[in-house]
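Read the structure below first, then the notes.
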Protein chains: 2
Amino acid sequence: MNRKSTATAARGGTVPDVDEAARAEIAARAWQGLRTLVLDRHDRRREVCDALGMSFIRAKALRHLVAGELTMRQFAERLAIDPPYATLVVDDLQRRGLVLRSPHPSDRRLRMVSLTPAGTRAAESAERILNRPPAAVADLDAADLAALDRLVAKLLG
Amino acid sequence: MNRKSTATAARGGTVPDVDEAARAEIAARAWQGLRTLVLDRHDRRREVCDALGMSFIRAKALRHLVAGELTMRQFAERLAIDPPYATLVVDDLQRRGLVLRSPHPSDRRLRMVSLTPAGTRAAESAERILNRPPAAVADLDAADLAALDRLVAKLLG
DNA sequence: CCAGATGGTTGTACAGATATAACATTTCGC
DNA sequence: GCGAAATGTTATATCTGTACAACCATCTGG
């Protein structure tokens with residue numbers, strides 16, 4: 001099924017395939033649990049939309065601009081939307097006074113999108129809601145919390 | 001900010017607030033990492049939609065029916081959609097031959113929605129895609145995997 | 001039996017998202 | 001300079017999802 005098990009089988013390994021299967025099962029269960037945790041138990045998207053009074057993709061847009069200004073094209077790619085829709089989203093955010101378009105100093109084809117102070121505040125508000133750990137995580141004891149932190153860091157590479 | 005820190009402060013605890021703040025910071029970082037992992041790095045919704053040729057809510061509908069048949073109302077509640085839209089979704093899935101409506105034996109107001117064999121296969125296909133652990137998880141060594149499994153179980157209560 | 005509650009459907013309206021083609025402007029390689 | 005490519009916008013169409021009002025059938029409690 002995967003590299004490791006075939007290699008083991010190929011050299012007539014002493015470790016039976018059962019272990020590999022058990023590992024896969026644990027991995028599947030853990031992953032499924034992580035999905036349940038993030039997507040079912042503690043999905044805060046609705047809360048963010050209500051708090052900011054905008055669709056989730058607009059909130060996501062603001063959050064992606066916190067790191068710095070982007071060209072329209074980069075903006076569209078980051079949000080996995082196509083350029084025409086990016087124009088609509090930025091139009092809307094601009095009407096709300098949350099972002100502004102400015103010309104690129106050297107390439108006059110490009111338009112840089114950046115956050116206004118109000119946009120920055122809105123983005124931070126969204127981050128605060130999304131990143132607030134659920135009680136289950138916050139209430140872990142110090143050892144478990146450290147273990148989780150280490151594992152997450154490892155998983156993110 | 002939370003029960004523990006106030007209690008500590010109240011009895012003039014020897015443990016300084018800094019520890020509580022550090023804990024909160026670790027929890028926030030871990031939670032943020034979990035969100036990144038599930039939502040940004042390994043979001044398989046698109047893949048499921050492409051594989052099944054339907055919108056994600058329809059795939060979600062099929063998955064919720066695997067456990068057994070539901071009334072239209074239960075179905076709508078499980079998917080967090082309103083009854084009229086539930087009708088549209090079931091209509092569509094029925095046209096595709098993936099679900100069927102049958103009368104309730106005793107209450108003739110109710111209509112039970114259940115999976116057809118084809119619907120069951122589609123639902124299982126979706127589960128397989130969604131629950132396939134990403135390489136980062138599958139490649140953890142046995143100890144880390146066990147630790148993750150234990151933590152996830154704990155977090156899910 | 002009758003009034004009210006429940007379950008499901010139909011219809012309508014609208015916001016959100018996605019895809020495509022067409023267009024003007026600007027840049028860049030030749 | 002000129003044609004090709006890149007960038008952003010406009011327009012159009014379609015699909016998806018959300019919300020609300022109205023309706024019919026059925027059940028429940030009196």
Side-chain angles (χ1 to χ4, degrees), chain A residues 39 43 45-65 69-96 98-114 122 126, chain B residues 39 43 45-65 69-96 98-114 122 126:
Chain A
L39 294 172
D43 184 4
R45 280 174 295 184
R46 173 60 63 93
E47 197 181 337
V48 169
C49 295
D50 290 348
L52 301 193
M54 61 181 70
S55 70
F56 189 70
I57 209 167
R58 278 151 234 255
K60 194 172 169 186
L62 294 178
R63 291 193 298 130
H64 279 280
L65 286 170
E69 61 182 3
L70 298 172
T71 68
M72 286 299 291
R73 201 149 210 98
Q74 292 171 327
F75 176 80
E77 274 168 16
R78 289 283 189 91
L79 269 68
I81 64 183
D82 51 9
Y85 190 50
T87 295
L88 294 183
V89 170
V90 170
D91 281 352
D92 179 76
L93 292 175
Q94 198 166 16
R95 268 193 299 273
R96 294 167 187 259
L98 302 177
V99 306
L100 49 86
R101 279 184 252 233
S102 45
H104 187 278
S106 62
D107 189 336
R108 283 186 298 173
R109 287 175 304 182
L110 307 181
R111 318 202 63 178
M112 308 306 293
V113 186
S114 59
Chain B
L39 294 172
D43 184 4
R45 280 175 293 184
R46 173 59 63 94
E47 197 181 335
V48 169
C49 295
D50 290 349
L52 301 192
M54 61 181 67
S55 69
F56 188 70
I57 209 167
R58 278 150 234 258
K60 195 172 169 185
L62 294 178
R63 292 193 298 130
H64 279 280
L65 287 170
E69 60 181 3
L70 298 172
T71 68
M72 287 298 291
R73 201 150 209 96
Q74 293 172 327
F75 176 79
E77 274 167 16
R78 288 285 189 91
L79 268 69
I81 63 182
D82 54 6
Y85 189 51
T87 295
L88 294 183
V89 170
V90 171
D91 282 352
D92 179 75
L93 292 175
Q94 197 166 15
R95 267 193 299 273
R96 293 166 187 260
L98 302 177
V99 306
L100 51 85
R101 278 184 252 232
S102 45
H104 187 277
S106 63
D107 189 337
R108 283 186 296 174
R109 287 175 304 181
L110 306 181
R111 318 203 63 177
M112 308 305 294
V113 186
S114 59

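Only heavy atoms go into these numbers, but all of them, side chains included; no hydrogens, no water, no symmetry mates. Per chain, numbering begins at 1; letters A, B, ... match sequence-line order.
- A/R101 pairs by the salt bridge (charged side-chain N to carboxylate O under 4.0 Å, His left out) definition with A/D91, not counting sequence neighbours.
- Closest of all the heavy-atom pairs between A/S114 and A/E69 is CB-CB, 3.7 Å.
- Here B/R111 pairs with nothing under the salt bridge (charged side-chain N to carboxylate O under 4.0 Å, His left out) rule; sequence neighbours left out.
- A search for salt bridge (charged side-chain N to carboxylate O under 4.0 Å, His left out) contacts involving A/R45 returns A/D43, not counting sequence neighbours.
- Nucleotides of DNA chain C that come within less than 4.0 Å of any heavy atom of chain B span, from the 5' end to the 3' end, C/dT6 to C/dG11.
- The side chain of B/R108 has D/dC27 as its nearest neighbour among D/dG17, D/dC27, D/dT18.
- Take A/L88 and apply the side-chain contact (heavy atoms from CB on, under 4.5 Å) test, not counting sequence neighbours, and it matches A/Y85.
- With sequence neighbours left out, the side-chain contact (heavy atoms from CB on, under 4.5 Å) criterion links A/R109 to A/D107.
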request  = For each nucleotide in nucleotides 2-15 of chain D, reading 5' to 3', give B when a protein heavy atom comes within less than 4.0 Å of its base, S when such contact involves only the sugar-phosphate, and - otherwise.
outcome  = ----BSSBBB----
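- Atom pair A/D50:CG and D/dT18:C1' shows a separation of 13 Å (rounding to whole Å applied).
- Remark: P of D/dG17 and CD1 of B/I57 are 5 Å apart, rounded to the nearest angstrom.
- A/A61 is linked by a side-chain contact (heavy atoms from CB on, under 4.5 Å) to A/F75, A/L79, A/V89, A/L93, counting only residues two or more places apart in sequence or in another chain.
- Over its length, the helix from C/dC1-D/dG30 to C/dC30-D/dG1 turns its helix axis by 20°, as judged from the five terminal pairs at each end, rounded to 10°.
- Each of B/Q74, B/R73, B/M72 was checked for a side-chain contact (heavy atoms from CB on, under 4.5 Å) with B/L70, and the lone residue meeting it is B/Q74.
- Applying the side-chain contact (heavy atoms from CB on, under 4.5 Å) criterion to B/A76, with sequence neighbours excluded, gives B/I81, B/A86.
- Residue-to-nucleotide proximity on DNA chain C shows that, of A/V89 and A/S106, the 5′-proximal contact is made by A/V89.
- Applying the side chain to side chain donor-acceptor pair (under 3.5 Å) definition to pairs two or more places apart or across chains, those involving residues 47-58 of chain A are A/E47-A/R132, A/S55-A/R58, A/R58-A/D92.
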